[in-house]
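Atom set for the values below is all heavy atoms of this structure, side chains included, hydrogens, waters and symmetry mates excluded. A quick note: this is a predicted structure, and the numbers were derived from the prediction, not measured. So that the names make sense, note that chain A is the first sequence line, chain B the second, and so on, each numbered from 1.
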Amino acid sequence: KDVIRLAGREFNVGSPKQLGEILFETMQLPGGKRGKNGAWGTDSSVLEGLAEQGIEVAQRVMDWRQLAKLKSTYSDALILQADADGRVHTNFSMAATTTGRLSSTDPNLQNIPIRTEEGARIRKAFIAAPGCSLISADYSQIELRLLAHVADIPALKESFSKGEDIHARTASEVFGVPMAGMDAPTRRRAKAINFGIIYGISAFGLARQLGIGAAEAKVYIDAYFKRYPQIRAYMDNTKEQARIDGYVLTPFGRRCWVPRIKDKIPALRAYAERQAINAPLQGGAADIIKRAMVKLPEALADAGLKARMILQVHDELLFEAADDEASAVADLARRVMQEAVRISVPLTVETGIGKNWGAAH
DNA sequence: AGTGCTTGCCAC
DNA sequence: AAACGTGGCAAGCACT
Ligand SMILES: Nc1nc2c(ncn2[C@H]2C[C@H](O)[C@@H](COP(=O)(O)OP(=O)(O)OP(=O)(O)O)O2)c(=O)[nH]1
Ligand SMILES: [Mn+2]
Ligand SMILES: [Mn+2]
């Protein structure tokens, strides 16, 4: 109602097409950009730009979108999908991705919210059975460690040997906040910067992501490649390998096909090059957790633990166990996951125990 | 009423 | 949005 009042006209807030016409035609707001299909762009980074200019309706639409997303995709849908015993059972697809990751459907339990305060309430709704706890075990900075290994980057390997947190360091350097007591959303934003840069983001893309100028974004990217010059070599070598073979390999031998690597259309070719750069690392991380998942059920049984492995979220495993064995499960999961493979950097796993998924982080 | 596409956004 | 990568889902929309 407030959005419609501020817009001065009745329309469906849930329609990006109508919203774009209201904002950039009826209201004549500045900064409108049409996409390739001629529609006005209205995604959150566009709205954020408007909101920063004091356009109240933009902030209200962002708030509405967030709540609508959480309600429709999670709150309403998960209740319908819940079993008679109150559990939801996902389906894992084992061959749906190009990199070897799993995917999860009906419902997708690999994209349960966590980032915002309201979203985190949904994650907290996943609770252990009475007398049981949930144990989460998540690899630390997993694809950055694989990058250090595969691209053979001395400075990055040294950081991991010392136990440094690169995501937190990036957050500190870019946002000017202290490492100590950093909040999770800030570290998450830095994560997107680190992975964006290593997977070929442009100054334009980074600027858009951070809401800064392209010149400032370029400074960050240049500084990154200066600090870790081996990343460039890894990118070039991987692209060349893809051109030669039509595929790239993870450090454990998985083939990831890159069919458009020789496309004559430059934009499609550039896209394929970024896919080639990403696949060995994302796929390598998938290989590692899969090996751990093969070992774990037997390792648990051998240790006399009745815990069950109940969910995989790309580099995280979630277990359910009786309260009195939860800490033993956490220790065992950490050890098996850390030792699932041996590479030239240490693998570290963070574990947590709680009565709900949110509390287990 | 059903289908397929687009836009946007949740997670890793 | 052409301009980090990997996914899945909901809603709007055009069309049958
Ligand atoms: N390209 C890309 N990959 C991502 C992004 N977010 C997550 N990933 C990939 C790379 C991560 O290593 C991997 C696991 O995600 P996590 O959220 O667990 O982050 P990570 O392990 O790096 O850090 P952590 O120490 O667990 O907080 O998923 C992203 O924004 N872009
Ligand atoms: Mn992780
Ligand atoms: Mn994770």
K.L.:
For the pair made of CG in A/Asn37 and P in B/dC5, what is the distance, rounded to whole Å?
P.N.:
13 Å
K.L.:
Out of C/dG5, B/dG8, C/dG7, which nucleotide sits closest to the side chain of A/Gln275?
P.N.:
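Nearest listed nucleotide: C/dG5.
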K.L.:
Does C/dA11 have its OP1 or OP2 closer than 4.0 Å to a side-chain nitrogen or oxygen of A/Asn12?
P.N.:
no
K.L.:
Among C/dT6, C/dC4, B/dC10, which nucleotide has an atom closest to any side-chain atom of A/Ala192?
P.N.:
C/dC4
K.L.:
Would you say A/Tyr271 and A/Ile277 are hydrophobically clustered, going by side-chain heavy atoms of ILVMFWY under 4.5 Å?
P.N.:
no
K.L.:
From the set B/dG8, C/dG7, C/dC4, return the single nucleotide nearest to any side-chain atom of A/Tyr199.
P.N.:
C/dC4
K.L.:
What about A/Arg101, does its side chain sit under 3.5 Å from the base of B/dC12 through a donor-acceptor pair?
P.N.:
yes
K.L.:
Does the side chain of A/Arg34 get closer than 4.0 angstrom to OP1 or OP2 of C/dA1 through an N or O atom?
P.N.:
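Answer is no, no contact under 4.0 Å.
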K.L.:
For A/His314, is there any backbone N or O sitting under 3.5 Å from a side-chain donor or acceptor partner on A/Gln312?
P.N.:
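Side chain of A/Gln312 to backbone of A/His314: a pair is present.
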K.L.:
Expressed in angstrom and rounded to an integer, what is the separation of A/Lys191 atom NZ from B/dA11 atom C1'?
P.N.:
10 Å
K.L.:
When you measure from the side-chain N and O atoms of A/Ser202 to the phosphate of C/dC4, is any distance below 4.0 Å, counting only OP1 and OP2?
P.N.:
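Yes.
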K.L.:
Which is true for A/Leu281 with a 4.0 Å heavy-atom rule: it touches a base, it touches only sugar-phosphate, or it touches nothing?
P.N.:
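Counting heavy atoms under 4.0 Å across all strands, no contact is made by A/Leu281.
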K.L.:
Is there a side-chain polar atom (N or O) of A/Thr98 under 4.0 Å from OP1 or OP2 of C/dG7?
P.N.:
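For C/dG7, OP1/OP2 do have a side-chain N/O of A/Thr98 under 4.0 Å.
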K.L.:
More 5' along DNA chain C: A/Ala96 or A/Ala39, using each one's nearest nucleotide?
P.N.:
A/Ala39
K.L.:
Counting heavy atoms from C-beta on, name the nucleotide in B/dG8, C/dA2, C/dT6 closest to the side chain of A/Thr42.
P.N.:
B/dG8
K.L.:
Looking at A/Gln209, does any N or O in its side chain come under 4.0 Å of the phosphate oxygens OP1/OP2 on C/dC4?
P.N.:
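Answer is no, no contact under 4.0 Å.
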K.L.:
Touch check for A/Ala77, heavy atoms < 4.0 angstrom, all strands: base, sugar-phosphate only, or nothing?
P.N.:
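Sugar-phosphate, no base atom in range.
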K.L.:
Assign A/Gln282 to base, sugar-phosphate, or nothing according to its heavy-atom contacts below 4.0 angstrom with the strands shown.
P.N.:
base
K.L.:
Specify the separation, in whole Å, of atom CZ of A/Arg187 and atom P of B/dC12.
P.N.:
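In whole Å, B/dC12 P lies 11 Å from A/Arg187 CZ.
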K.L.:
Start with the C-alpha distance between A/Gln110 and A/Ser103, add both sets of side-chain angles, then the distance that settles side chain to side chain donor-acceptor pair (under 3.5 Å), and finish with yes or no.
P.N.:
CA-CA 8 Å; A/Gln110 290 182 320; A/Ser103 74; 5.7 Å; no
K.L.:
After noting the C-alpha distance and the side-chain angles of A/Ser140 and A/Arg145, does the key distance pass the side chain to side chain donor-acceptor pair (under 3.5 Å) rule?
P.N.:
CA-CA 8 Å; A/Ser140 161; A/Arg145 291 177 197 265; 2.9 Å; yes
K.L.:
Quick one: are A/Arg308 and A/Leu300 in side-chain contact, heavy atoms under 4.5 Å?
P.N.:
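A/Arg308 vs A/Leu300: side chains apart.
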K.L.:
For C/dC4, does OP1 or OP2 lie under 4.0 Å from any side-chain N or O of A/Arg274?
P.N.:
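False: A/Arg274 side-chain N/O out of range (4.0 Å or more) of C/dC4 OP1/OP2.
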K.L.:
With respect to the phosphate group of C/dC13, does any side-chain polar atom (N or O) of A/Gln18 fall under 4.0 Å of OP1 or OP2?
P.N.:
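Yes, within the criterion.
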K.L.:
C/dA1 and B/dG8: how far apart are their C1' atoms, nearest whole angstrom?
P.N.:
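One C1' to the other, the span is 13 Å.
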K.L.:
So A/Glu143 and A/Tyr199, side chain to side chain donor-acceptor pair (under 3.5 Å) or not? Walk me through it.
P.N.:
CA-CA 11 Å; A/Glu143 289 178 31; A/Tyr199 295 131; 2.6 Å; yes
K.L.:
Determine the interatomic distance between C1' on C/dA3 and the same-named atom on B/dC5; round to the nearest Å.
P.N.:
23 Å
K.L.:
Would you mind telling me which of C/dT6, B/dC10, C/dA11 lies closest to the side-chain atoms of A/Ser72?
P.N.:
C/dA11
K.L.:
Want to settle it: does A/Gly41 or A/Leu206 sit nearer the 5' end of DNA chain C, counting the closest nucleotide to each?
P.N.:
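Between the two, 5'-proximity favours A/Gly41.
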K.L.:
Ignoring hydrogens and angles, does a donor from either the side chain of A/Lys69 or the base of B/dC10 sit under 3.5 Å from an acceptor on the other?
P.N.:
no
K.L.:
B/dC10, B/dC9, C/dA14: which one has an atom nearest the side-chain heavy atoms of A/Arg65?
P.N.:
B/dC9
K.L.:
For the pair made of CZ in A/Arg188 and P in B/dC10, what is the distance, rounded to whole Å?
P.N.:
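Those two atoms, CZ and P, are 11 Å apart.
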K.L.:
Over how many whole Å does the gap from A/His167 atom NE2 to B/dC12 atom C1' extend?
P.N.:
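Taking NE2 of A/His167 and C1' of B/dC12, I get 11 Å after rounding.
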K.L.:
Without decimals, in angstroms, what is the distance between A/Leu109 CG and B/dC10 P?
P.N.:
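About 17 Å, once rounded to whole Å.
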K.L.:
At under 4.0 Å, does any side-chain N or O of A/Ser103 touch on OP1 or OP2 of C/dG8?
P.N.:
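Looking at the OP1 and OP2 atoms of C/dG8, one of them is under 4.0 Å from a side-chain N or O of A/Ser103.
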K.L.:
Using a cut-off of less than 4.0 Å, is there contact between a side-chain N or O of A/Asn108 and OP1 or OP2 of B/dA11?
P.N.:
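For B/dA11, neither OP1 nor OP2 has a side-chain N or O of A/Asn108 closer than 4.0 Å.
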K.L.:
C/dA1 base to A/Arg208 side chain: any donor-acceptor pair below 3.5 Å?
P.N.:
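Check passes, donor-acceptor contact within cut-off.
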K.L.:
Does the side chain of A/Leu347 come within less than 4.5 Å of A/Ile142's, by heavy atoms?
P.N.:
yes
K.L.:
Counting just side-chain N and O atoms, does A/Tyr271 come under 4.0 Å of either OP1 or OP2 of C/dT6?
P.N.:
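Yes, because at least one side-chain N or O of A/Tyr271 sits under 4.0 Å from OP1 or OP2 of C/dT6.
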K.L.:
Expressed in angstrom and rounded to an integer, what is the separation of A/Ile198 atom CD1 from C/dT6 atom P?
P.N.:
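Rounding to the nearest Å, CD1 of A/Ile198 and P of C/dT6 are 14 Å apart.
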K.L.:
Using whole Å, what does the distance between atom C1' of nucleotide B/dA11 and atom CZ of A/Arg121 come to?
P.N.:
20 Å
K.L.:
Is A/Arg123 touching bases, backbone alone, or none of the nucleic acid, heavy atoms closer than 4.0 Å?
P.N.:
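Sugar-phosphate: the residue A/Arg123, judged by heavy atoms under 4.0 Å, touches backbone atoms but no base.
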K.L.:
At under 4.0 Å, does any side-chain N or O of A/Ser15 touch on OP1 or OP2 of C/dC13?
P.N.:
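So the side chain of A/Ser15 is within the cut-off, an N or O lying under 4.0 Å from OP1 or OP2 of C/dC13.
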K.L.:
Run A/Asp183 and A/Thr186 through side chain to side chain donor-acceptor pair (under 3.5 Å) and show every step you take.
P.N.:
CA-CA 6 Å; A/Asp183 62 13; A/Thr186 300; 2.4 Å; yes
